[in-house]
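The next block holds one structure in the form of structure tokens; read it before the comments.
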Amino acid sequence: MQRDGEIYGVQARNFIVPEDGLAIIVFTNRSSDDFPMGEIWQRPGFVYDRVSAAACGAVDAGR
């Protein structure tokens with residue numbers, strides 16, 4: 001599950017991965033005009049890389 005937000009040039013993306021008991025929050029202090037965070041479904045990009053590392057790392061750690 002993903003939720004997006006932006007206020008005063010700060011972007012936030014919240015992800016919940018219930019199967020793994022994970023909540024992942026990604027922030028940047030750059031507006032979407034200056035820094036496209038990307039979308040999970042688009043694959044490679046800032047958000048995809050961060051969420052993949054957190055989720056795959058949890059799986060690799062034996063969760």
Side-chain angles (χ1 to χ4, degrees):
M1 176 184 302
Q2 175 181 337
R3 299 305 251 179
D4 300 350
E6 181 174 355
I7 187 166
Y8 298 113
V10 175
Q11 294 184 73
R13 300 290 187 275
N14 301 302
F15 301 90
I16 299 172
V17 186
E19 302 85 22
D20 295 327
L22 292 175
I24 303 163
I25 304 170
V26 180
F27 289 97
T28 182
N29 62 355
R30 299 184 197 167
S31 73
S32 57
D33 294 335
D34 297 332
F35 184 76
M37 289 181 76
E39 301 294 338
I40 292 290
W41 59 268
Q42 293 174 326
R43 299 265 172 155
F46 183 79
V47 168
Y48 180 85
D49 294 344
R50 292 336 178 256
V51 173
S52 293
C56 292
V59 170
D60 292 343
R63 287 184 130 205

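- Sorted by first and then second residue, the pairs that involve residues 38-49 and meet side-chain hydrogen bond (donor to acceptor under 3.5 Å, both in side chains), not counting sequence neighbours, are Gln2-Glu39.
- A distance of 6.0 Å separates CZ in Phe46 from OG1 in Thr28, rounded to the nearest 0.5 Å.
- Between the CZ atom of Phe27 and the CD atom of Gln11 there is a distance of 11.5 Å, given to the nearest 0.5 Å.
- Asp20 contributes atom CG, which lies 9.0 Å from atom SG of Cys56 (distance to the nearest 0.5 angstrom).
- Grouping the Ile, Leu, Val, Met, Phe, Trp and Tyr side chains by contacts below 4.5 angstrom, directly or via other members, places Val10 apart from Met37.
- For the pairing with Phe15, the side chain to side chain contact (heavy atoms under 4.5 Å, CB included) check across Ile24, Leu22, Ile25 returns one residue only, Ile24.
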